[in-house]
Amino acid sequence: MLFLLFLLLFLLCQVCQAEPDNTTLAEIEYLKSFLPNYGVTWMFLPDGNNILQLAYLSEEPRNSSRMSFLKVKDKVNFFLYNRKYQKSGIRIRMTRSLRDASEDPFDPELETKFLIHGWKSSKSTDTIQNIKNNYLKADDMNVIAVDWSDLADNFFYFTPVLQTRDVGETVAEMIDHLVVTRGASLKRMHIIGHSLGAHTAGFAGSKLGGQVGRITGLDPANPGFEGTPPSERLDPGDALFVDVIHTSSGTAGMSMRCGHVDFYPNGGARQPNCSIFPFALILDSCSHGRSHQYYAESIFTDQFISYRCRSWAAYRAKQCSKGSIPMGHPVPNTARGIYYLETNGESPYAKGNTL
């Protein structure tokens, strides 16, 4: 992987003076003139800690020793956090309720958040921990981390892509179990997923008939999902309210709308201070992760002020509809359409009114 990265940097430096079109498509097409298989058989994608990893755009061979005995649903684990179990959490299973309610770590009277990580991530990565920590600082609630790291930790990227449906259906089974045996409210369930986890959340919501209260998609994964029909990805029918934050559109993240309301901070592709190299969208390991960083910060602020516009160009020309809404945690569930905003390049990211 290091050899490929150095080779890529060398090739890019040869064209630093060429100043090609600074768009995602132009950068990828220009890169393919040197590495024609980039984006076809392999590409760089960031993991849950914003570190670039090499991804093979194919499935793991079915006859591999790992795949021969793999049962997807056995590899999905649930860890409950609340103010009593804030650091380590407690693993929960789909078993009968404890007889003594005082020993039951799940409180059906509290709001419940399910957090689902993406590719090459786990419950310990920033994707999960930052949002979990901020929610429990704000209030006591049930925060359930869905750890499918045994499946997601796979260089053959399209194997976990295909497994997102089974993982999502397993999440749906856990939610249904909590509703039936613990008396939890389905409408008070909120599923938050990053990257592949966003589509996993969508499959969970679809399995529950679109009746879960809310799904938040944090830069839903692009490879394997862009351009697919609604049944094959996150879409507005998966929950009563679906909000989506796009931060690396066209590379690691989807560019197409997939929620009731879709936010495109800074245009949705390249985030501030994430551009280090020429062709930075290819080597950008932080824009994809900014989605969960913005969301974690939004738990404490309503200053990710967003404006409904036709496009990023219209936003920059100040040709947007009147009125604004906050992005992230405090977004109203009546929000509909496409919204744009600007952020700061470092924390605190929220910039307030920008138009």
Side-chain angles (χ1 to χ4, degrees), residues 46-50 113 115-118 121 125-138 143 190-198 201 214-222 234 241-255 257-275 280-281 284-309 312 315 324-333 335 337-355:
D47 62 20
N49 288 322
N50 298 336
K113 309 283 185 182
L115 308 182
I116 310 178
H117 63 75
S121 305
T125 51
D126 293 343
T127 312
I128 300 291
Q129 291 298 313
N130 291 344
I131 295 175
K132 179 264 292 183
N133 290 339
N134 282 5
Y135 265 129
L136 293 179
K137 287 177 185 176
V143 180
H190 181 189
I191 312 174
I192 304 167
H194 175 248
S195 192
L196 289 181
R214 178 180 173 186
I215 290 176
T216 297
L218 303 176
D219 211 29
N222 171 11
L234 176 65
F241 178 59
V242 178
D243 60 303
V244 181
I245 299 174
H246 301 265
T247 55
S248 65
S249 299
T251 50
M254 290 178 66
S255 58
R257 290 189 60 187
C258 48
H260 291 104
V261 59
D262 289 69
F263 296 90
Y264 294 84
N266 307 296
R270 194 191 310 256
Q271 300 304 303
N273 289 354
C274 284
S275 304
L281 283 170
D284 179 359
S285 64
C286 85
S287 287
H288 194 43
R290 282 287 175 86
S291 57
H292 66 77
Q293 292 170 337
Y294 294 160
Y295 189 87
E297 185 178 313
S298 77
I299 294 169
F300 296 122
T301 181
D302 60 0
Q303 291 302 298
F304 284 100
I305 298 175
S306 312
Y307 304 86
R308 188 169 184 173
C309 307
W312 179 236
Y315 171 90
S324 61
I325 60 172
M327 179 185 76
H329 169 72
V331 61
N333 61 15
I338 299 175
Y339 285 77
Y340 292 89
L341 67 152
E342 294 175 60
T343 70
N344 295 314
E346 57 187 19
S347 181
Y349 296 108
K351 202 168 185 176
N353 287 299
T354 55
L355 288 185

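Quick note: numbers below take in every heavy atom, side chains included, and nothing from hydrogens, waters or symmetry partners.
Residues N266 and E342 bring no donor and acceptor atom of their side chains to less than 3.5 Å of each other. Side-chain atoms of H288 and T247 include no donor-acceptor pair closer than 3.5 Å.
Judged as a salt bridge (charged side-chain N to carboxylate O under 4.0 Å, His left out), and not counting sequence neighbours, the contacts of R214 are D243. For H292, there are no side-chain hydrogen bond (donor to acceptor under 3.5 Å, both in side chains) partners two or more places apart in sequence or in a different chain. Annotation: side chain to side chain contact (heavy atoms under 4.5 Å, CB included) contacts of I128 (sequence neighbours excluded): L115, H117, A145. Listed by chain and number, the residues in a ring-ring contact (aromatic ring centres under 6.0 Å, His included) with Y295 amount to none (sequence neighbours excluded). By the salt bridge (charged side-chain N to carboxylate O under 4.0 Å, His left out) test, E297 pairs with no residue at all, sequence neighbours left out. Qualifying side-chain hydrogen bond (donor to acceptor under 3.5 Å, both in side chains) partners for T354, counting only residues two or more places apart in sequence or in other chains: Y315.
Atom NE2 of H246 and atom OG of S287 lie 14.0 Å apart (nearest 0.5 Å).
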(message) ring-ring contact (aromatic ring centres under 6.0 Å, His included), that's the test. Do Y135 and H329 meet it? Break it down for me.
(response) CA-CA 10 Å; Y135 265 129; H329 169 72; 5.3 Å; yes
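Under the 6.0 Å cut-off for aromatic ring centres, Y340 and Y307 do not qualify, their centroids lying 6.0 Å or more apart.
Two residues are said to be in side-chain contact when any heavy atoms from C-beta on lie closer than 4.5 Å; Y339 and D262 fail this criterion.
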